[in-house]
Amino acid sequence: MGKGVKTAVIGGVFAVMVGGAGYGAYNVVSALNGDGGGSPAVQTGPPSGDEVEETSEKFFTAWEKGQAAEAASYTDFAQAAEPLLTAYGEQAHITDVRITPEAVNGGVVPFSVKATVSYDGQSKPLAYKSELKVVRGKTSGKALVDWDPAVVHPELKKDDTLVTGEAKSPPIEAVDRDGQVLTKAKYPSLGPILDTLRERYGDKAGGTPGVELVIRHAAEGVADTPLLTLAEGKPGKLRTTLSAGVQAAAETAVKSYAESSVVAVKPSTGEVLAVANHRSDAFNAAFEGRVAPGSTMKIVTAAMLIDNGVTSMNGPAPCEDTATWQSQTFKNLPGLKANLSATLADTFMRSCNTGFIKLIDEEPLTDASLTAEAQERFGLGRDDWKTGITSFDGSVPASAGPDRAANAIGQGQVQMSPLNMASVTATAITGTFRQPYLVSPDLDDRQLATAKGLSANTSAQLKQMMRLTATQGSAAPVMSGLGGDIGAKTGSAEVDGNAKSNSWFTGFRGDVAAAAMTEEGGRGGEAAGPIVKAVLVAGG
């Protein structure tokens with residue numbers, strides 16, 4: 001294909017979507033060739049191989065030449081494509097673009113891009129791969145590039161842009177609690193977190209900014225993603241609370257299960273020791289996830305029952321086959337046998353749903369009792385945690401009707417992240433709520449959240465019930481062989497439309513508490529449990 005003088009690349013602000021439509025919803029070039037009356041019928045069906053080759057070649061040639069309007073005319077959403085392709089050169093300062101297509105696979109055309117990024121006397125080569133798909137225009141019948149920002153660069157998403165210039169923040173050299181350097185290359189799931197730490201604390205760590213090509217994300221609160229450094233800045237050293245050893249174990253553990261996240265904290269201080277995600281997106285579900293925690297929530301519910309004098313560890317909590325609350329019937333997991341003489345410890349360690357639900361209408365409990373316990377004792381749900389990066393504080397709303405019962409077993413309206421449940425375990429075993437944090441509050445004078453915490457008596461009972469669960473109960477198969485002072489709680493949370501429940505598990509060993517969640521991972525011991533165990537082993 002012909003090669004011309006190349007300019008271009010990203011930058012500018014994307015065009016506003018017309019009428020809220022998504023990519024591929026428009027064929028705005030249907031009249032470009034001016035069909036008049038008596039025009040032939042609109043073609044249908046997938047584009048032929050010749051059409052795919054011809055359309056992609058025309059698009060590439062115009063892109064290489066910096067002819068944004070021309071290139072956009074070969075797409076099915078020119079209003080979005082033209083401003084991005086125009087900005088490709090003006091904001092991102094990418095020139096000398098050379099595009100090399102590879103073998104066509106159906107309507108998909110993989111290609112490689114080689115170009116130069118130049119800014120303020122600095123230049124560096126840029127190379128990456130992407131792909132496009134050629135489709136049939138719905139109204140014009142023409143073969144068109146199915147528009148998506150990822151065509152321009154594979155890491156671009158809707159409304160993202162590319163910018164070259166002086167970095168918004170100086171680079172950082174993030175180190176763990178012992179001074180070991182933490183990098184994206186060694187700890188991949190830390191990538192977005194390190195970018196956020198740089199954005200928030202780069203100017204406080206003592207460095208100076210360099211010149212970079214970055215992806216500027218449209219999503220609020222998401223830090224720029226650096227792609228190419230033209231001029232090195234001077235990094236400042238930023239100490240985190242992480243432990244390189246525990247982080248390495250967490251990274252390895254989550255890789256075994258798709259859509260998994262884990263957090264480990266130090267109960268005696270609240271310091272975060274590890275945070276890892278294995279997901280198909282870059283979302284930090286470990287800190288920001290908002291999903292039902294299943295039976296791990298029974299730690300908070302048990303505390304509520306004890307604190308309100310309803311029962312105690314050795315008091316009654318009969319486990320029946322079913323329990324009905326305000327017209328809704330609740331069951332236990334398959335295979336769990338009823339035990340009408342069960343104590344709260346028995347019901348907790350076997351994770352019997354009905355035993356908890358049978359007790360939630362006892363005096364003096366109300367619709368707001370679980371909310372009060374979560375907020376006042378465990379520091380949850382008050383939207384005041386300041387961890388150093390974006391995080392979710394959990395949500396335990398006061399609920400009437402069937403949701404009051406569902407909330408008690410971690411379903412209903414309760415939402416948690418692994419960070420929240422690791423904190424719940426830390427509070428349960430120490431009796432003191434210490435807000436988790438990733439960066440010292442001394443660095444920016446943040447005020448950490450506070451809560452009343454638990455009485456020594458309640459904490460002692462919770463800790464002993466978690467010990468029994470880890471050694472004799474539902475968590476015993478996972479925790480087997482793990483020495484030291486250990487405890488755990490399993491959980492599985494049903495999600496509408498999913499074939500399998502989400503797998504939850506939280507546990508402690510010595511002065512390390514951890515919690516994990518695996519989407520559609522099944523029961524707690526099947527996916528989340530092995531992740532937590534691996535982290536606890538590494539925590540020593």
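The first residue in the sequence is number 1, and the count goes up from there. This one's a predicted model, so the numbers in the text were calculated from it and none came from an experiment.
For the residue pair S459 and T430, the shortest heavy atom distance occurs at OG-C, 3.7 Å. Between P334 and R523, the shortest heavy-atom contact is O-NH2, 2.8 Å. V254 and V262 get closest at one heavy-atom pair: CG1-CG1, 3.7 Å. A pairwise comparison of heavy atoms in A405 and I360 identifies CA-CD1, 3.3 Å as the closest pair. Listed here is the closest heavy atom pair of A167 and E212: CB-OE1, 3.6 Å. Residues A422 and V265 approach most closely at O-CG2, 3.8 Å, considering heavy atoms.
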Going through the distances and angles, do H278 and S189 end up as a side chain to side chain donor-acceptor pair (under 3.5 Å)?
-> CA-CA 7 Å; H278 179 218; S189 73; over 6 Å; no
Are N420 and S423 close enough, and set up right, to give a side chain to side chain donor-acceptor pair (under 3.5 Å), and what steps lead you there?
-> CA-CA 5 Å; N420 303 143; S423 177; over 6 Å; no
Pair S474-T469, side-chain contact (heavy atoms from CB on, under 4.5 Å): steps then yes or no = CA-CA 6 Å; S474 60; T469 304; 3.8 Å; yes
What's the verdict on side chain to side chain donor-acceptor pair (under 3.5 Å) for R200 and T390, showing C-alpha distance, side-chain angles and the deciding distance?
-> CA-CA 11 Å; R200 293 195 177 189; T390 302; 3.1 Å; yes
Chi angles and distances behind the side-chain contact (heavy atoms from CB on, under 4.5 Å) call for V300, V396 | CA-CA 10 Å; V300 180; V396 188; over 6 Å; no
Residues M479, T471; criterion side-chain contact (heavy atoms from CB on, under 4.5 Å); working and verdict = CA-CA 7 Å; M479 300 290 277; T471 55; over 6 Å; no
What's the verdict on side chain to side chain donor-acceptor pair (under 3.5 Å) for E519 and N502, showing C-alpha distance, side-chain angles and the deciding distance?
-> CA-CA 5 Å; E519 292 183 21; N502 290 344; over 6 Å; no
Take D361 and W325 through the side-chain contact (heavy atoms from CB on, under 4.5 Å) test and state the conclusion after the steps.
-> CA-CA 9 Å; D361 63 346; W325 173 264; 3.1 Å; yes
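Listed for the H153 side chain is a donor-acceptor partner under 3.5 Å among the backbone atoms of E155. Checking side-chain atoms of S391 against main-chain N and O of E288 turns up no donor-acceptor pair under 3.5 Å. Without hydrogens or angle criteria, S417 side chain to R290 main chain gives no donor-acceptor distance under 3.5 Å. Side-chain N or O atoms of T371 include one that pairs as donor or acceptor with a backbone N or O of A398 at under 3.5 Å. A distance-only check finds no donor-acceptor pair linking the side chain of N277 to the backbone of R279 [under 3.5 Å]. Under the 3.5 Å distance criterion, the side-chain polar atoms of S399 are left unmatched by any main-chain donor or acceptor of R404. Side chain of R509 to backbone of G487: no donor-acceptor contact under 3.5 angstrom is found. For the pair N308 (side chain) and V310 (backbone), a donor-acceptor distance under 3.5 Å is absent. In this structure a side-chain-to-backbone donor-acceptor pair under 3.5 Å is present from T347 to A317. In terms of modelled atom types and a separation under 3.5 Å, the side chain of T240 and the main chain of V175 share a donor-acceptor contact.
Around the CG atom of D383, the shell of radius 6.0 Å holds no more than 12 heavy atoms that belong to other residues, nucleotides or ligands. Within 6.0 Å of CD on E494 lie no more than 12 heavy atoms contributed by other residues, nucleotides or ligands. The neighbour count for K133 NZ, taken as heavy atoms of other residues, nucleotides or ligands under 6.0 Å away, does not exceed 12.
L238 places a side-chain heavy atom less than 4.5 Å from the side chain of L443. The shortest side-chain heavy-atom distance between E320 and L340 falls under the 4.5 Å cut-off. Side-chain contact between I172 and P235 is absent, with no heavy-atom pair separated by less than 4.5 Å. With a 4.5 Å cut-off on side-chain heavy atoms, S261 and M517 do not count as touching. Side-chain contact between V532 and T506: absent, with no pair of heavy atoms (C-beta onward) separated by less than 4.5 Å. Using a 4.5 Å cut-off on side-chain heavy atoms (C-beta onward), T427 and L454 make contact. Looking at heavy atoms from C-beta onward, V163 lies out of side-chain contact with D224 at the 4.5 angstrom threshold. Here the side chains of I389 and I193 are in contact, with some heavy-atom distance below 4.5 Å.
Neither side chain, D176 nor S243, offers a donor N or O lying under 3.5 Å from an acceptor on the other. A donor-acceptor contact closer than 3.5 angstrom is absent between the side chains of K337 and N332. No side-chain N or O of N314 forms a donor-acceptor pair with one of T343 less than 3.5 Å apart. Of the N and O atoms on the side chains of S341 and N339, at least one donor lies less than 3.5 Å from an acceptor on the other residue. In this model, no donor atom of one side chain and acceptor atom of the other lie less than 3.5 Å apart for T329 and T322. K298 and S295 form a side-chain donor-acceptor contact under 3.5 Å, judged by distance and modelled atom types alone. Counted by atom type alone, E259 and S280 present one or more donor-acceptor pairs between their side chains at under 3.5 Å.
Between the OH atom of Y187 and the CD atom of Q180 there is a distance of 6.0 Å, given to the nearest 0.5 Å. Atom OG of S455 and atom CD1 of I306 lie 8.5 Å apart (nearest 0.5 Å). Atom CG of residue L448 and atom CH2 of residue W385 lie 11.0 Å apart, to the nearest 0.5 angstrom. Within the model, atoms CG of L380 and CE of M421 stand 7.5 Å from one another, a figure rounded to the nearest 0.5 Å. Here the CD atom belonging to Q328 is positioned 9.0 Å from the OG1 atom belonging to T324, to the nearest 0.5 angstrom. K255 contributes atom NZ, which lies 13.0 Å from atom CD1 of I531 (distance to the nearest 0.5 angstrom).
For the pair K489 and F505, the cation-pi criterion (under 6.0 Å, within 45° of the ring axis) is not fulfilled.
A salt bridge is defined here as a Lys NZ or Arg NE, NH1 or NH2 lying under 4.0 Å from an Asp or Glu carboxylate O, and D148 with K157 fails to meet this definition. A salt bridge is defined here as a Lys NZ or Arg NE, NH1 or NH2 lying under 4.0 Å from an Asp or Glu carboxylate O, and K204 with D444 fails to meet this definition.
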